[in-house]
A.B. asks: 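First the structure, which I've put down as structure tokens, then a few questions once you've had a look.
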Amino acid sequence: MSDAVRPAGGDASWFVEGRLGMFIHWGLYALPARHEWIKNRERLTDADYLPYFQHFDPDLYDPRAWARAAREAGMTYFVVTTKHHEGFCLWDSAHTDYKVTNTPYGRDLLGPMVEAFRAEGLRVGFYHSLIDWHHPEFPIDRVHPQRDDAEARAAAAGRDMAAYREFLHAQVRELLTQFGQIDYLFFDFSYPGDDGKGHEDWDSEGLVRLVRELQPQVLINDRLDLLDTDWGWDVKTPEQFMVRDWVRVNGQRVLWETCQTFSGSWGYHRDESTWKSVGQLTRMLIDTVSKGGNLLLNVGPTARGEFDARALDRLQGMGEWMRRHGRSIYGCTQAPEGYTTPQDCRLTYNPETNRLYVHVFAWPIRHLHLDGLAGKVAYAQLLNDASEVKMVPPRPSHHEAVPEDVLTLELPVVQPDVTVPVIELYLR
Ligand code: GLC
């Protein structure tokens with residue numbers, strides 16, 4: 001297996017440095033407030049869905065507040081749904097009437113958001129749905145809201161996928177020519193096979209050519225149904241689960257990012273209660289970076305245009321930890337081969353500074369033993385307060401034999417009052 005990381009077609013420097021991003025799922029589905037796939041799950045027709053279009057008016061929308069919350073949480077890039085599967089556009093697209101400028105809100109949402117996040121120093125990513133359950137030429141298929149409606153399927157039989165494909169490419173061109181530099185494109189998603197849609201339906205190859213022509217630095221995710229090519233994707237995107245090791249394709253390590261929700265829904269879901277704790281979310285971030293990946297954490301704003309209190313609580317909690325521990329995340333990656341991860345810990349490593357970070361998920365009693373590191377560490381400290389952690393020789397005892405190459409750290413009995421304590425090791 002190769003340990004060289006597969007090169008990306010775009011600029012990945014900010015991505016592997018930044019490690020933590022904000023995903024934003026926002027659209028008409030914020031009004032029903034019970035998951036962004038509501039139209040599919042409840043088999044809603046365009047007529048059923050119309051009231052959400054007619055009442056979309058996020059009067060409290062303040063993208064500067066969103067951008068500040070993301071930066072203060074330690075996020076370094078954001079990815080926003082320009083359009084989700086419902087087909088509703090957050091910008092004033094010339095190619096459809098199904099857009100925010102035709103709702104009571106009446107103004108472009110996307111431009112001010114990009115400006116606000118860029119002003120806070122974050123990189124810009126666009127999620128763009130390949131699917132469009134509102135477009136008149138989008139053929140009904142196995143994931144369409146009217147998939148079980150024989151009459152609707154018969155009435156839609158003449159829909160022209162070529163016309164839809166042209167519309168899809170025209171909107172991607174708008175997104176790459178009207179909002180300045182874009183750093184990341186997150187297309188979603190392909191479902192080839194019977195009654196599905198894949199790279200030929202989208203002309204995914206043409207989309208990649210279009211992106212490379214207009215903004216060659218853009219990173220492209222892995223959902224264009226081009227995984228069997230070496231030019232059709234840059235980033236693997238496992239979602240809603242934690243991988244066991246660095247993601248590989250054909251044995252080669254690749255750029256990867258796991259996208260995850262705070263709760264059980266990407267879009268705002270008023271009554272969904274499975275919200276992860278700040279501790280869980282922080283440990284997810286650490287675990288991800290310890291395996292060389294990025295974490296894209298999702299917020300679903302309300303239809304008034306706000307991050308709800310539950311989301312703000314998590315963002316603030318993560319920001320508190322990142323404020324003191326960010327250097328164990330930013331620019332860090334998996335520890336070099338041969339480093340053994342101590343029990344109940346994760347390791348991250350910064351190759352530039354040659355520092356190893358021990359993230360302690362369960363605080364041990366008095367000692368932490370690091371196999372193979374004896375003599376390799378010049379200094380050790382707790383990252384939260386830069387207080388020294390003493391390195392002590394292994395104590396010979398008739399209870400157990402301690403190998404010569406073990407580095408033993410002497411820890412305070414009381415765990416530092418932070419979400420996840422981190423020990424910073426300055427390697428020789
Ligand atoms: C899942 C959800 C979709 C969401 C995507 C984000 O596919 O079904 O709604 O946009 O994850 O990766």
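Please read all numbers here as calculations on a predicted model, not as lab measurements. The first residue in the sequence is number 1, and the count goes up from there. Remember, it's 1-based here, ligands and their atoms both numbered in the order they're listed.
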A.B. asks: Using a distance-only test with no angle check, is there a side-chain donor-acceptor pair under 3.5 angstrom linking Thr45 and Gln146?
C.D. replies: no

A.B. asks: Number the atoms of ligand 1 from 1 as they appear, then name those within less than 4.0 Å of a heavy atom of His84, with their elements.
C.D. replies: 3 (C), 4 (C), 9 (O), 10 (O)

A.B. asks: Determine whether the aromatic ring centres of Trp133 and Phe138 lie less than 6.0 Å apart.
C.D. replies: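 So the answer is no for these two rings.
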
A.B. asks: Identify whether NZ of Lys or CZ of Arg in Arg223 sits under 6.0 Å from the centre of the six-membered ring of Trp202 and within 45° of that ring's axis.
C.D. replies: no

A.B. asks: In terms of atom number and element, which parts of ligand 1 are under 4.0 angstrom from non-hydrogen atoms of Cys259?
C.D. replies: 12 (O)

A.B. asks: Considering the heavy atoms of Tyr127, write down every atom of ligand 1 situated less than 4.0 Å from one of them.
C.D. replies: 10 (O)

A.B. asks: Could you identify the single nearest non-hydrogen protein atom to atom 10 (O) of ligand 1 and state the distance to 0.1 Å?
C.D. replies: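 Residue, atom and distance for the closest contact: His25 NE2, 2.6 Å.
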
A.B. asks: For ligand 1, which part of Phe186 has a heavy atom less than 4.0 Å away: the side chain, the backbone, both, or neither?
C.D. replies: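 The answer is the side chain.
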
A.B. asks: Indicate yes or no: does Asp194 engage Arg142 in a salt bridge with an N to O separation below 4.0 Å.
C.D. replies: no

A.B. asks: Looking at Tyr357, is Arg355 sitting on its ring face, NZ or CZ under 6.0 Å from the six-membered ring centre and within 45 degrees of the normal?
C.D. replies: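 The answer is no, since Arg355 fails at least one limit relative to Tyr357.
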
A.B. asks: Look at atom 1 (C) of ligand 1 and say which protein heavy atom is nearest, naming residue and atom and giving the distance to 0.1 Å.
C.D. replies: Glu239 OE2, 2.9 Å

A.B. asks: How does Gln240 reach ligand 1, if at all, at less than 4.0 Å between non-hydrogen atoms: by side chain, backbone, both, or neither?
C.D. replies: neither

A.B. asks: Would you check whether Trp266 reaches within less than 4.0 Å of ligand 1, judged by its heavy atoms?
C.D. replies: yes

A.B. asks: Hey, is CD on Glu151 packed in by over 12 heavy atoms from elsewhere, all under 6.0 Å?
C.D. replies: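 Check fails, neighbour count at 12 or below.
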
A.B. asks: Would you call Arg324-Asp417 a salt bridge at under 4.0 Å N-O?
C.D. replies: no

A.B. asks: Quick one: look at Asp188 and ligand 1, take heavy-atom pairs under 4.0 Å, and tell me if it's side chain, backbone, both or neither.
C.D. replies: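 Answer for Asp188: side chain.
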
A.B. asks: Can you name the atoms of ligand 1, numbered from 1 with element, that are less than 4.0 Å from a heavy atom of Glu36?
C.D. replies: 2 (C), 3 (C), 9 (O)

A.B. asks: Counting only heavy atoms from other residues, nucleotides and ligands, does the tally under 6.0 Å from CD of Glu200 exceed 12?
C.D. replies: no

A.B. asks: Just do the side chain to side chain donor-acceptor pair (under 3.5 Å) check on Thr348 and His359 with the steps written out, would you?
C.D. replies: CA-CA 8 Å; Thr348 60; His359 302 257; 2.9 Å; yes

A.B. asks: Can you sort out which atoms of ligand 1 are near Trp37, meaning under 4.0 Å from one of its heavy atoms?
C.D. replies: 2 (C), 3 (C), 8 (O), 9 (O)

A.B. asks: Taking 4.0 Å as the limit for heavy-atom contacts, which would you say applies to Glu86 with ligand 1: side chain only, backbone only, both, or neither?
C.D. replies: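 Contact part for Glu86 vs ligand 1: neither.
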
A.B. asks: So is Arg223 touching ligand 1 or not, going by heavy atoms under 4.0 Å?
C.D. replies: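 Contact check Arg223 vs ligand 1: positive.
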
